[in-house]
Structure formats: C-alpha cells, structure tokens
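One structure is given below, encoded as structure tokens.
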2 protein chains.
Amino acid sequence: MDLTARTAEQIGEALRRTRKTRGWTQSDISARTNLRVATISSLENGDAGTKLATVLAVMAALGLEFRLVERGGSLEIEDIF
Amino acid sequence: MDLTARTAEQIGEALRRTRKTRGWTQSDISARTNLRVATISSLENGDAGTKLATVLAVMAALGLEFRLVERGGSLEIEDIF
DNA sequence: TCGAGTGATACGCTATAGCGTAAAAAGTGA
DNA sequence: TCACTTTTTACGCTATAGCGTATCACTCGA
C-alpha cells in the first residue's frame with residue numbers, strides 16, 4: 001500500500017483507502033472532523049480546490065501525517081542511516 | 001532535515017526550507033507556478049485556507065511529493081525491508 | 001548612501017469552498 | 001426483490017482564496 005501522492009486525485013485515493021482500511025465511513029470522518037459528508041466525498045474524489053485545512057483535518061482523523069519527500073524518491077540508502 | 005507535517009504551519013515551513021535549500025526566491029516559485037508571490041508568502045506562513053491545488057503546484061515546483069504515513073511513524077524496520 | 005532584491009501586506013474583484021438541507025444514486029445484505 | 005447504508009449531487013448562502021496592482025519594510029552589496 002503505497003501512499004505517495006503528487007495530485008489531488010492521488011491524495012483523495014490515499015485517504016479513501018486508509019479510511020476503508022480503518023473500516024470507517026465518510027460519516028465517521030464527518031463526525032470526527034465537523035466537516036460534511038459531502039466535503040469528505042469531494043476530497044476523496046480528488047477536488048484540488050479543497051482547502052488545506054480540510055485535508056489536514058481528515059488526515060488527523062485518520063491518524064495520518066504528511067512527509068514531504070523528493071520526487072520519485074524511492075527510499076535512498078542515505079535516508080536510512 | 002525532517003519534513004514531516006501535520007499542520008499548515010509545518011507544511012509552510014517545510015516548503016520554505018526546501019526553497020531556501022534550492023537557493024530560490026518566492027519569485028522563482030511564482031514564475032514556475034503562475035501563482036503570485038503573495039500567494040507563496042501566504043502559504044509559507046502557514047495559511048490553512050490555501051487550496052490544495054496551490055500547495056501541489058509549489059510542491060511540484062520544488063520537486064517534492066507527499067507521502068501519507070501513520071502519525072508518529074518514525075521509520076519502522078518493516079518499512080525498510 | 002542608496003538602489004535593487006526580497007518578502008509581507010492591502011484593496012477591489014471574481015470564483016468557489018464549505019455550510020445547512022435535501023434528495024438522488026449507488027452499493028450491500030437478507 | 002427490497003430495505004438499509006453509504007456516497008454523490010444539488011440549491012442558496014456566506015466567507016474567503018487568488019487575482020492584478022500597488023505599497024512598504026528590510027537586507028545587502030556597490
């Protein structure tokens with residue numbers, strides 16, 4: 001399960017997959033974030049117009065955080081030690 | 001240089017640090033993204049209202065991508081092999 | 001000393017996010 | 001098939017992002 005994302009579509013897909021993994025519904029996320037189900041839906045469907053605050057709220061609800069890495073950066077040996 | 005972020009402030013800081021590392025100005029990013037310097041400034045200063053599209057454009061200009069990871073997930077041994 | 005580069009901030013404008021509310025559409029299990 | 005859950009979409013509304021343009025503070029080298 002690779003959760004690398006460069007686009008809103010990829011972020012949305014990653015969030016949806018993580019949510020499913022947790023066995024949660026959009027309604028569950030809605031309850032934890034005070035965002036509407038419609039907003040969660042929009043985000044998961046890759047709306048790039050979504051506010052950063054919204055993305056971060058859903059991330060927090062899912063227990064996720066961002067890591068900013070070099071593009072195409074498949075685990076370099078220098079990154080380990 | 002840890003680029004982990006849970007908040008808009010942390011994302012802004014990570015983007016600014018990366019930009020400085022590249023030796024670029026906000027104007028350089030502006031030219032590469034067609035976003036105004038004011039918008040870049042706002043993002044780097046942690047405005048959570050920033051649109052996802054804006055964040056992604058700056059990320060792309062910096063050659064960065066997101067990785068969505070478990071919170072507090074400090075490099076686990078299973079992640080390496 | 002001072003002009004150039006950098007970054008922060010402001011004003012008026014248009015486009016749109018997210019809201020409440022609602023309903024339709026799609027998925028799921030008996 | 002049918003009822004229930006989940007997700008998507010719509011409408012009217014308010015708040016605000018990002019735009020063009022411009023100004024202002026700060027830093028720094030000539």
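Computed over heavy atoms, backbone and side chain alike; hydrogens, waters and symmetry mates excluded. First the proteins, then the strands, lettered A, B, ... as listed; each starts at 1.
- Summarising the geometry, atom CG belonging to A/L64 is positioned 5.5 Å from atom CZ belonging to A/R22; distances are rounded to the nearest 0.5 Å.
- Side chain of A/S30 to main chain of A/L35: a donor-acceptor pair is present (N/O by atom type, distance under 3.5 Å, no hydrogens or angles).
- Side-chain atoms of A/S41 do not come within 3.5 Å of backbone N or O of A/V37 as any donor-acceptor pair.
- At a threshold of 4.0 angstrom between heavy atoms, the contacts of B/S42 with the nucleic acid are absent.
- A pairwise comparison of heavy atoms in A/A57 and A/T33 identifies O-CG2, 3.5 Å as the closest pair.
- Distance OG1/A/T39 to CD/A/E44: 11.5 Å, rounded to 0.5 Å.
- Residues B/G46 and B/A8 come closest through the heavy atom pair O-CB, 3.4 Å.
- Between B/R71 and A/E65, none of the side-chain N atoms (NZ, or NE/NH1/NH2) sits under 4.0 Å from a carboxylate O, so this pair counts as no salt bridge.
- Contact of the B/L15 side chain with the B/M59 side chain is registered, since non-hydrogen atoms from C-beta on lie closer than 4.5 Å.
- Residue pairs that meet the side-chain hydrogen bond (donor to acceptor under 3.5 Å, both in side chains) test with at least one member in residues 47-62 of chain B, sequence neighbours left out, are B/S42-B/D47.
- Taking a cutoff of 4.0 Å between a charged side-chain nitrogen and a carboxylate oxygen, B/K20 and B/E13 do not qualify as a salt bridge.
- Of the residues in residues 28-36 of chain A, A/R36 come within less than 4.0 Å of DNA chain D through at least one heavy atom, sorted by number.
- When DNA chain C is scanned 5' to 3' for any atom under 4.0 Å from a heavy atom of chain A, the first and last hits are C/dA17 to C/dT21.
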Could you go over nucleotides 3-7 of chain D and give all protein N or O partners under 3.5 Å, atom names and distances?
unit_1: D/dT7; atom_1: OP1; unit_2: A/R19; atom_2: NH1; d: 2.8
unit_1: D/dT7; atom_1: OP1; unit_2: A/R19; atom_2: NH2; d: 3.2
unit_1: D/dT7; atom_1: OP2; unit_2: A/Q26; atom_2: N; d: 2.7

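- Taking hydrophobic clusters as Ile, Leu, Val, Met, Phe, Trp and Tyr residues chained together by side-chain heavy-atom distances below 4.5 Å, B/I11 shares a cluster with A/L3.
- Cluster annotation: A/W24 is connected to A/V55 through the hydrophobic network of ILVMFWY side chains, with a link wherever side-chain heavy atoms come within less than 4.5 Å.
- No side-chain heavy atom of B/L68 sits under 4.5 Å from any side-chain heavy atom of A/T18.
- When side chains are defined from C-beta on, A/R19 counts as touching A/L62, because their heavy atoms get closer than 4.5 Å.
- Residues from residues 52-64 of chain A that place a heavy atom under 4.0 Å from any atom of DNA chain C, listed by number: A/T54.
- You'll find the side chain of A/N45 reaches within 4.5 Å of the side chain of A/R16, heavy atoms only.
- Axis orientation changes by 50° from one end of the helix from C/dT1-D/dA30 to C/dA30-D/dT1 to the other, with each end axis drawn from 5 pairs and the value rounded to 10°.
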